[in-house]
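Notes for the one structure printed next.
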Amino acid sequence: MGDVISLSVNIAGINLKNPVMVASGTFGYGEEYVPYVDLNIISAIVVKGLSITPREGNPPPRIVETSAGMLNSIGLQNIGIDSFINEKLPFLKKYNTKVIANFFGDSIDEYCEVVKRVDSVDGIHGLEMNISCPNKQEGWLEFGTNPDLTFRVVSAVRKHTKLPLIVKLSPNVTDVTIIAKAAADAGADAISLINTLSGMAIDIKTRKPKLANIVGGLSGPSIKPVALRMVWQVAKSVKLPIIGIGGIMTYEDALEFMIAGASAVQVGTANFIDPNVSEKIIHGIESYCEQNGINDINKIVGSVII
Ligand code: SIN
């Protein structure tokens, strides 16, 4: 028998049994995936983004398949923070997986209100703050594309929680490192990136946009090289743990992100193709470690040779 391999990682005080989480918006509130996946295997479930009140989201159609990816314009549909706490969290607490509450608001006050409600709730291990949704109506504050707004909203939220605070960044910016630094200066404990890339698809028969919202967020393997580049840049720029997201389909993809500087990864769009893909990715990472004489996964983090 070979040496025992440690896959556990620590993100801002959240102890994860392995570096593979599932991304917000691709795994519902966990319960939906129980017929297909053993939730105990996944290190953390990042639940669909929560707001202070329930939201219906954008009108359909709001999903379009693209070459090597998909566009979504869900529009932040969710059941609201109180229903999550009362109806979904008790179920999730039965599993040996960490629960990370992804959340957002239309204003700084709303972000703070959500956080005040979850801060002392048993069973929530961390918060992921979405400042990066591309599917908002015009006129909404785009916190994640402006460093001053990023600083203001993250600082405000920071005052209301002692839970580990992960800030999820948008790729729809000129220099993602400036936004990452603003989030770090404001008290973020970790950075996750990237959210989806703003995109569009047109039906050539009707000449109409395929999404009712006209534009949506692109995810899937087509965005992986962009995400990897941004993870690498941010890992060099801030001294916070990084969670890599963007088109991770295989264990090789996950390892690329970790070698670029991510301490953990989130699997997103791949869940729609294979609900059990996370388990395969975890086993693949373990085999890679075994074959390459790596006894601790943390040793590969940021090990890219330039
Ligand atoms: C959505 O619900 O529109 C997607 C959320 C996001 O991309 O942040």
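Order of listing sets the numbers, starting from 1, for every ligand and every atom in it.
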**Prompt:** Which ligand 1 atoms, with their elements, are less than 4.0 angstrom from a heavy-atom of G75?
**Reply:** 1 (C), 2 (O), 3 (O)
**Prompt:** Which of the atoms of ligand 1 are close to N72, meaning less than 4.0 Å from one of its heavy atoms?
**Reply:** 1 (C), 3 (O), 4 (C)
**Request:** With rounding to the nearest 0.5 Å, note down the distance linking OG in S278 to CG in N271.
**Result:** 5.0 Å
**Asked** ligand 1 versus R62, non-hydrogen atoms closer than 4.0 Å: side chain, backbone, both, neither?
**Response** neither
Under 3.5 Å: N/O of [X] near N/O of ligand 1:
X    : value
N130 : yes
N195 : yes
S132 : no

**Request:** Determine whether any heavy atom of K168 lies closer than 4.0 Å to an atom of ligand 1.
**Result:** no
**Request:** For the pair Y33 and Y36, name the ring-plane relationship: parallel under 30°, tilted 30 to 60°, perpendicular over 60°.
**Result:** perpendicular
**Message:** Looking at K181 and D175, is there a salt bridge between them, counting it only when a charged N and a carboxylate O are closer than 4.0 Å?
**Reply:** no
**Prompt:** For the residue pair T196 and S219, what are the closest heavy atoms and their distance?
**Reply:** CG2-CB, 3.8 Å
**Item:** For the student: nearest non-hydrogen atoms of S132 and N195, plus distance
**Value:** OG-ND2, 3.0 Å
**F143 ring center near Y111 ring center (under 6.0 Å)** = yes
